[in-house]
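Reading through the structure tokens given below for one structure.
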Amino acid sequence: MTSRLALALITVTALSACGANSSFRLYPLSGPIAEQNPSTAIPISITEDSETSGQIWFKLPKPNKTKCSGTWSSVQPRVKTHERGLSLKLKDLGGSYKNSTEDVGGVNTGEVYAVCKDGTRLQGTFIMGSGTQSGTGTVTDTRGNSYKLLF
């Protein structure tokens, strides 16, 4: 019974983690998809290859229900510091040198690009706060649709 309970807890945790990815959505603003059904929300599944990039998958709505996949990437600004100086310590006699890199807080920009099985291409930009997993942006496709990206 204990192993079943542990397996159930692991399954619920895994599904909850997957559910967090479904909060990425495209909302049609204009074009054929918005004209057909303006309340359509297109869920996007994502993976993180690193802290600043990953893969996306989604399906465009009717009439063709085309599967799409692509990449997202964000720019996380960093500051590099170089220090040089003269040292009179016996251990570092002659000089010292130090490098450091730090993340900069604020708003980070990013891009998203996807290609669908029917040849439709989607491209957009977004912004997100440093240290957050939420953001907003705009996306357009080669079929004349424009979308609001929210996550």
Side-chain angles (χ1 to χ4, degrees), residues 1-84 96-151:
M1 184 73 171
T2 309
S3 63
R4 287 184 183 175
L5 179 61
L7 181 60
L9 287 174
I10 290 170
T11 303
V12 168
T13 303
L15 290 175
S16 297
C18 292
N21 290 343
S22 66
S23 65
F24 280 65
R25 298 203 186 277
L26 286 174
Y27 296 92
L29 298 175
S30 64
I33 293 175
E35 290 169 6
Q36 182 181 17
N37 185 358
S39 64
T40 300
I42 302 167
I44 300 173
S45 298
I46 68 160
T47 62
E48 289 187 33
D49 295 336
S50 70
E51 290 181 10
T52 58
S53 68
Q55 303 299 309
I56 60 172
W57 298 272
F58 57 95
K59 190 184 294 186
L60 292 178
K62 293 179 182 178
N64 52 1
K65 289 193 159 199
T66 303
K67 291 181 182 180
C68 309
S69 63
T71 304
W72 68 271
S73 180
S74 69
V75 178
Q76 187 174 14
R78 296 175 182 246
V79 172
K80 290 189 176 187
T81 308
H82 302 286
E83 293 180 16
R84 294 182 192 158
S96 64
Y97 182 77
K98 179 181 170 185
N99 280 330
S100 66
T101 303
E102 296 178 26
D103 292 336
V104 177
V107 176
N108 300 333
T109 60
E111 292 189 34
V112 61
Y113 185 81
V115 177
C116 304
K117 297 227 180 231
D118 69 353
T120 303
R121 294 179 311 279
L122 289 90
Q123 182 173 351
T125 59
F126 62 87
I127 57 171
M128 61 189 276
S130 292
T132 67
Q133 294 182 354
S134 60
T136 182
T138 57
V139 177
T140 57
D141 71 20
T142 54
R143 302 274 184 207
N145 296 293
S146 95
Y147 310 86
K148 183 70 171 175
L149 172 64
L150 294 174
F151 57 96

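In this chain, residues are counted from 1 in sequence order.
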Take Thr138 and Tyr147 through the side-chain contact (heavy atoms from CB on, under 4.5 Å) test and state the conclusion after the steps. CA-CA 6 Å; Thr138 57; Tyr147 310 86; over 6 Å; no
Supply the atom-to-atom distance Asp141 CG to Leu60 CG, rounded to the nearest 0.5 angstrom. 7.0 Å
Taking the side chain as everything from C-beta on, heavy atoms only, tell me whether Ile56 gets closer than 4.5 Å to Ser45. no
So, does Asp49 use its side chain to make a donor-acceptor pair with the main chain of Ser53 at under 3.5 Å? no
Looking at residues at least two apart in the chain, or sitting in another chain, which of them share a side-chain contact (heavy atoms from CB on, under 4.5 Å) with Ser39? Asn37
Starting at CH2 of Trp72, measure out to CD1 of Ile46 and round the result to the nearest 0.5 Å. 6.0 Å
Compare all side-chain heavy atoms of Thr71 with those of Gln55 and state whether any distance is below 4.5 angstrom. yes
Does some side-chain heavy atom of Thr47 sit less than 4.5 Å from a side-chain heavy atom of Trp57? yes
From Leu149 atom CG to Arg25 atom CZ, the distance as rounded to the nearest 0.5 Å: 11.5 Å
Can you name the residues that form a ring pair (Phe, Tyr, Trp, His ring centres under 6.0 Å) with Phe151, not counting sequence neighbours? Phe24, Phe126
Residues at least two apart in sequence or cross-chain that pass side chain to side chain donor-acceptor pair (under 3.5 Å) with Lys148, listed by chain then number, are Thr136
May I ask you to test the Leu150-Tyr27 pair for a side-chain heavy-atom distance under 4.5 Å? yes
Without placing hydrogens or testing angles, list every side-chain donor-acceptor pair under 3.5 Å for residues 110-122, not counting sequence neighbours.
from   : atom 1 : to     : atom 2 : distance (Å)
Asp118 : OD1    : Thr120 : N      : 3.0
Asp118 : OD1    : Thr120 : OG1    : 2.8
Asp118 : OD2    : Asn64  : ND2    : 3.0
Asp118 : OD2    : Thr66  : OG1    : 3.3
Asp118 : OD2    : Thr120 : OG1    : 3.3
Thr120 : OG1    : Arg143 : NE     : 2.9

Sequence neighbours excluded and cut-off under 3.5 Å, please list the side-chain donor-acceptor pairs for residues 28-36, or say none.
from  : atom 1 : to     : atom 2 : distance (Å)
Ser30 : OG     : Ser146 : OG     : 3.2

Look up atom CD1 in Ile44 and atom OG in Ser69, then write down how far apart they are to the nearest 0.5 Å. 12.0 Å
Partners passing side-chain contact (heavy atoms from CB on, under 4.5 Å) against Thr109 (at least two apart in sequence or in another chain): Val75, Ile127
